Amino acid sequence: MDSEELLDIVERIESGATKREKSDRPAVHVPVDRLLSAMRRLRNYQWLSFDMLVTHTAIDWPDDNRFELVYLLYSTVHGHLLERPQ
Amino acid sequence: MIASASYTVIFYLLAALAVLLSLAVVNAWKLLRAAIALMGVLSMSAGLYVMLDASFLAGVQVLVYVGGIVVLIVFAVMLTRSAELLQDNPAPLRKILGAIASLAFLAATVGVFRSSPFLLSAEKAPLRDNTTLIGEKLLDYGAGGYVLPFEIISLLLLIAIIGGIVVARKTEPQGQPFTTGGDEAGEAEFRPPFTQEEHEDELELVEK
Amino acid sequence: MTVTIRTLNELLQPSHLPAHPLATQEYFVNMGPQHPISHGSLRLVLRLDGETVKEVIPVPGFVHRGVEKMCESLTPRQIVPYTDRLDYLSAFMNNWAITRVVETAAGIESNERIETIRTLMSELQRIQSHALWWGVTGMDLGAFTAFLYGFREREVISEIFEETVGARLTMNYIQPGGVMYDIHPNFVKRVKDVMAYMKPIIDEYDTLLSGNVILQERCRNIGILSPEKAIALGCTGPVLRASGVPYDLRKMENYGVYNKVDFNVVVGAVGDCWDRYYVRMQEMRESIRIVEQLIDSIPEGPTMTLRYNLPIEMPEGTYYSQVETARGVFGAFLVAEGKSEKPYPLHFRSPNYNNLWSVTALAPGWRVADIIAILSSLDLVIPDIDR
Amino acid sequence: MNSAPHIIQIALGAASSWQVKTVSERAADALSSNIWESIAYMAVALAAVGLLITFLGLSLIYVERKLAAHFQCRLGPMRVGPHGIFQTLADTIKLLVKEDIIPQEADKPMHLLAPFLCLAVPVLILGVVPYSPMTQIADVNIGVLFVTAVGGFGVMGILLGGWSSNNKWSMLGAMRAGAQIISYEVSATLALLVVVLFAGTMSLAGIVESQQQGWWIWRAHGVGIVAFIVYVIASTAEINRTPFDIPEGESELTAGFHTEYSGLRFSFFFLAEFINMFVVAALTSTLFLGGWMPFHIGEWEAFNGVMDLVPPGVWFVGKSSFIIFVIMWFRWTFPRLRVDQLMHLEWKVLLPIGLINLLAAALLVLRHLYFFPAA
């Protein structure tokens with residue numbers, strides 16, 4: 001699964017997602033208010049089943065006065081890894 | 001001569017220790033110390049039994065009272081909040097009643113001592129090895145035998161054991177390992193049943 | 001979804017006196033930070049009812065050194081020795097994780113020889129780590145002799161490392177662009193000898209401890225971790241595999257030369273302490289197989305593809321790489337700004353941290369002695385938890 | 001110059017009038033005539049027990065270390081003296097000069113009393129063990145009962161030590177120890193009763209003498225073997241040795257009931273453990289393996305004659321050492337049981353076996369069904 005495919009999927013299940021540039025793994029941005037429902041669907045849809053939160057970290061961007069939360073999801077059923085900065 | 005003198009000395013030593021330790025039992029502020037003093041008292045009385053050539057009785061005294069009963073008392077003390085039990089100051093009425101009861105007991109004891117004739121004869125207990133005799137007496141069903149009381153006591157003990165188990169048994173159902181209520185509830189919230197809309201959503205996506 | 005956050009003080013409030021006169025009162029004890037089971041400075045607060053564990057509250061942080069923060073002011077090559085100090089029993093694998101992320105970021109190519117050496121070293125260390133774990137488990141469960149047997153085998157493999165790397169614990173060997181030194185001329189022969197020695201040794205471990213009825217009684221059906229729970233808690237490595245999830249990065253992520261060797265991913269059936277025990281025992285055998293397949297055909301080539309004095313330039317972006325260490329997935333998440341070689345933030349995903357929290361789900365309902373079996377079956381390394 | 005035959009004559013006369021008597025009997029006899037002689041006998045007995053304890057403490061700890069080391073493919077102590085034989089001595093001195101720490105919130109008198117109670121038990125029992133026909137301090141006619149009765153003080157020592165330390169781990173250890181020792185005492189006593197039934201006496205010297213025709217472990221038609229195994233298991237549990245070292249379970253309870261002890265008082269607990277081990281071994285060999293009786297095979301006179309050449313003391317020490325070795329072997333091989341498994345083993349396995357065994361033994365004794373029937 002590459003970034004484009006992932007974006008396509010996340011766009012369809014949850015609107016407002018954009019592709020995360022400059023990442024070595026498939027990654028999308030999800031607005032903070034859509035996060036919970038997006039995560040829930042990513043986990044619960046059987047053909048996605050991102051059931052494992054591999055790691056969770058944050059990147060601080062003091063210049064933009066914001067920080068980014070990073071969720072690394074993995075599906076033990078399908079074996080695909082998804083990185084979701086938000 | 002020396003033998004009987006040392007015998008007397010040892011007797012008074014044991015007796016004095018027993019009295020002192022008994023006082024310690026009633027006066028100790030900590031229950032556990034009282035229990036330890038009680039252990040001392042019982043050991044001293046075991047010593048007195050030995051002096052009377054009743055060594056089997058002495059052994060049983062130590063085995064049952066020190067090894068069993070005092071250990072049980074200590075267990076009970078350790079498992080309860082003994083410190084708080086001693087904090088309450090008894091009411092005056094209780095103090096008076098206690099004093100009356102102990103005085104009455106003293107009077108009764110003195111009365112018994114005065115009325116009973118003590119056989120302080122020169123001939124001591126004739127048996128050195130009285131263990132065999134005890135065994136024979138206990139299991140003899142003849143005229144001088146005690147097999148019936150012995151068996152009745154066994155039955156009584158059995159009843160006491162069963163009663164103890166019934167009293168101490170927990171009646172509420174035991175929880176299964178790992179079913180912590182809070183955790184399961186959180187999970188149920190985290191994984192909601194699919195709504196109809198979501199289900200159609202998924203079907204649609206799968207078709208594409 | 002609501003999340004209740006309670007502070008440690010709130011968690012440690014003593015329970016009220018029970019209503020029932022015969023009911024017992026719960027109490028707290030501290031298992032650690034100075035306790036033989038914690039194998040380091042880990043504090044576990046146990047809420048006990050008699051000997052039954054009601055709750056386990058892990059309180060990590062006694063060996064927190066701020067490694068991730070320190071790494072922000074270090075160049076990739078300087079970060080490598082820091083990773084040794086996390087899970088010191090998987091030093092090679094930790095080196096490899098940071099090396100992989102830097103290599104992906106900077107686009108550094110490595111060659112077959114480098115990858116083979118890295119794989120060999122990692123697998124040797126996996127055997128070593130599991131051997132030590134076996135000994136420590138034996139010691140935790142009361143069989144002290146096992147501890148020294150475990151150390152005996154650790155020593156043999158440490159000597160291989162010492163010959164090539166020069167170090168025995170903190171390796172600092174796998175570097176961005178290659179490995180620090182070429183393998184020692186004796187390496188191949190020595191590894192073959194050690195592997196021939198190790199095979200019967202693992203059978204000896206089985207005779208010594210695995211077959212013991214007391215060990216089986218202490219481990220079987222104790223601390224059962226269901227696969228769903230294990231995944232939800234983010235457990236990895238032997239802990240997850242013992243629950244029956246065949247999750248092994250050596251098969252899933254295409255790294256090293258694992259795709260060229262034939263080995264099995266060992267999974268458990270029940271997810272109890274015994275499965276976690278046995279998965280590790282079998283993994284040692286599988287690792288020996290991997291080493292034996294590779295040791296005869298180490299390709300020729302340079303062992304460093306990068307000029308050592310040149311800075312490593314990483315273009316702007318986020319990078320994540322992970323490897324399978326002896327205890328599970330060790331990942332490094334690196335954000336490069338493109339301005340300097342230092343990472344902007346660097347985050348380590350350590351396997352022990354997630355594995356530790358599984359004890360909160362595993363422990364309730366078991367006895368104090370079972371906590372020992374559960375904790376030693378999780379195989380925790382404390383510096384890796386606290387970082 | 002004719003004094004030499006005279007001396008020999010006196011010596012022979014003494015030998016012919018020499019009777020096998022315990023020290024306590026001699027003291028009691030002397031009491032009626034000469035009090036100083038009696039006191040001297042008592043002093044001899046005390047000194048003998050003291051020396052025995054010192055020797056046992058030093059040697060058993062050294063043996064345990066060396067055995068453990070060889071079980072674990074290492075050398076053990078090697079530095080102090082040849083093969084490290086003075087290592088234990090050095091450690092003893094270290095323990096003696098160490099600071100004795102008493103926790104602030106501890107119940108001081110109880111904290112100080114506990115190690116003495118613990119050590120008193122094996123010391124008292126050492127006094128009644130027949131080491132050889134000539135060497136016994138006191139032959140109590142209730143020997144077996146004395147041994148089990150005195151054992152009760154040991155539990156008290158452990159319970160007190162754990163409670164008075166005011167430490168939850170110590171307390172847990174003490175509770176476990178109390179439950180464990182009391183439970184296993186039942187099985188141990190049942191096993192002892194089997195031998196008492198066969199021997200018809202509770203005196204330990206009497207039990208040894210009753211094994212002239214053969215050791216009770218063989219003679220008792222299998223009942224003896226069962227009782228022997230039950231006794232070894234139960235007494236290993238009673239003295240808290242692996243696999244039953246739950247009260248001090250190092251990796252669970254740090255050090256169990258003696259967590260808060262240091263220096264001399266810790267060494268008392270430590271010493272008590274080792275002396276207890278010897279006591280158990282000595283009792284096992286006395287009761288089941290014939291004590292100081294040599295090994296005889298039926299009517300094979302030549303073999304029996306050779307066996308008789310070995311002094312009885314050596315037989316006793318040899319048998320005890322074997323049992324000690326077995327107990328140490330347990331420790332360096334087995335993992336530790338869990339508390340409930342331990343209780344399960346006692347109440348659901350050992351106790352029924354012990355009871356049935358006692359019943360069987362009673363039947364055998366009633367019908368006189370032992371090997372080598374006594375003349």
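Chain naming here is simple, since letters A, B, ... match the order of the sequence lines and numbering starts at 1 in each. Bear in mind that the values here come from a model prediction, so they are computed numbers and not experimental data.
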Does atom [atom1] of [X] have more than 12 heavy-atom neighbours, drawn from other residues, nucleotides or ligands, at distances under 6.0 Å?
X        : atom1 : result
D:His344 : NE2   : no
C:Tyr353 : OH    : no
D:Phe322 : CZ    : no
D:Trp347 : CH2   : yes

Could you tell me the separation between the [atom1] atom of [X] and the [atom2] atom of [Y], rounded to the nearest 0.5 Å?
X        : Y        : atom1 : atom2 : value
C:Tyr149 : D:Phe71  : OH    : CZ    : 8.5 Å
C:Phe151 : D:Gln72  : CZ    : CD    : 12.5 Å
D:Arg338 : C:Leu141 : CZ    : CG    : 11.0 Å

Checklist entry - What are the two closest heavy atoms between C:Arg152 and D:Cys73, and how far apart are they? => result NH1-SG, 3.3 Å

Checklist entry - So do D:Met175 and C:Glu51 actually touch side chain to side chain, heavy atoms under 4.5 Å? => result no

Checklist entry - Can you tell if the side chain of D:Arg336 reaches within under 4.5 Å of the side chain of C:Phe144, non-hydrogen atoms only? => result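 The answer is no; the side chains never approach within 4.5 Å.
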
Checklist entry - For chain D, which residues of residues 204-217 of chain C have at least one non-hydrogen atom nearer than 4.5 Å to it? => result C:Leu209, C:Asn212, C:Ile214, C:Leu215, C:Glu217

Checklist entry - Of the backbone (N, CA, C, O) and the side chain (C-beta and beyond), which part of C:Arg218 lies under 4.5 Å from a heavy atom of chain D, both, or neither? => result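 Both backbone and side chain of C:Arg218 come within 4.5 Å of chain D.
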
Next on the checklist: Shorter than 4.5 Å, heavy atoms on both sides: which option in C:Asn30, C:Leu48, C:Asp370, C:Ile371 has the most such pairs with chain D?
Outcome noted: C:Asp370

Checklist entry - What salt bridge (Lys or Arg N to Asp or Glu O under 4.0 Å) pairs are there with at least one residue in residues 68-79 of chain D, not counting sequence neighbours? => result none

